[in-house]
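Each ligand, and each atom within it, is numbered from 1 in the order the structure gives.
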Amino acid sequence: MKIDVLTLFPAMFAGPLDESIIKRARESGLLDLALHNLRDYAHDRHRTVDDRPFGGGPGMLLKPEPIFEAVEHLASPETRIILLSPSGRSFTQAIAHELALAPRLLLISGHYEGFDERVRQHLANDELSIGDYVLTNGALPAMVVIDAVARLLPGVLGHEQSAQEESFSHSLLEYPQYTRPADFRGMKVPDVLLSGNHAEIARWRAEQARLRTSERRPDLMC
Ligand code: JF5
């Protein structure tokens, strides 16, 4: 998969995408990630990318021209063009799976003031939010989407994948898990997990997942 990112802060992406699984995905060629500075598409010698909103009001908006020209330069007909902002639809695991099927993504990281509406209406295919809070810009949301999508690409994870997918595909939170030692400073692993009774262990885990989900995330329960 090819992912292009259009951002005012390309340096923010160094680090999170250069470690661990994403690093390996990039090195192996399963993920081709390219960062582009929106300011490189500005027209004037001050490299202006924002302007005041018509009708007044606080803050500035990202101007349409640099974004349109960047997209015209970077996107092909098969590219999914996605804005990141708090006004988007909620990014979910189901959307991550859907995006993982696309050959190319272009993620456009918004700025604290947001986009000229024509970018939404005539350029983007989609607008995603990673949650109901406000960040200074869309770089972190873009990295969240990249991470969630990249780990779903065939070959990026080993078989550790299926286990982690189970939680969300069954729409329950994970059950509690323990590793050695069985007694750590007096904090004991539940006896059932040491019992060797696999049917009873499966029942206990299902029960714990349901309890935890109803306690913490009742919205996930059917
Ligand atoms: C942004 C206008 C983009 O704050 C966010 C965000 C929160 N959830 N998902 C995304 O993105 C940055 C802020 C204001 C456009």
**OP:** For salt bridge (Lys or Arg N to Asp or Glu O under 4.0 Å), just list the numbers for Glu207 and Arg210, CA-CA rounded to whole Å, side-chain angles, deciding distance to a tenth of an Å, and then say yes or no.
**Re:** CA-CA 5 Å; Glu207 166 75 1; Arg210 294 174 51 78; 5.2 Å; no

Original post:
Taking non-hydrogen atoms only, is Ser85 closer than 4.0 angstrom to ligand 1 via side chain, backbone, both or neither?
Top reply: both

Original post:
Where does Leu84 meet ligand 1, judged by heavy-atom distances below 4.0 Å: at the side chain, the backbone, both, or neither?
Top reply: backbone

Among all the protein's non-hydrogen atoms, which is closest to [atom], and how far away is it?
atom                    : answer
atom 9 (N) of ligand 1  : Ile130 N, 2.9 Å
atom 15 (C) of ligand 1 : His111 O, 3.2 Å
atom 8 (N) of ligand 1  : Gly131 O, 3.0 Å
atom 11 (O) of ligand 1 : Pro86 CD, 3.8 Å
atom 4 (O) of ligand 1  : Leu135 N, 2.8 Å
atom 7 (C) of ligand 1  : Tyr133 O, 3.0 Å

**OP:** Just grab all the side chain to side chain donor-acceptor pair (under 3.5 Å) pairs involving residues 5-23, residues at least two apart or on different chains.
**Re:** Asp18-Arg26

State the atoms of ligand 1, each with its element, that fall below the 4.0 Å cut-off from a heavy-atom position in [X].
X      : answer
Ser129 : 8 (N), 9 (N)
Val134 : 4 (O)
Asn137 : 11 (O), 12 (C)

Original post:
Does Leu31 reach the side chain of Val156, with side-chain heavy atoms less than 4.5 Å apart?
Top reply: no

Original post:
Would you call Ile146 and Leu107 a side-chain contact if the rule is heavy atoms closer than 4.5 Å?
Top reply: yes

Got more than 12 heavy atoms from elsewhere within 6.0 Å of [atom1], [X]?
X      : atom1 : result
Glu215 : CD    : no
Asp44  : CG    : yes
His43  : NE2   : yes

Original post:
Just by modelled atom types, is the Ser87 backbone N or O under 3.5 Å from a matching donor or acceptor in the Ser85 side chain?
Top reply: yes

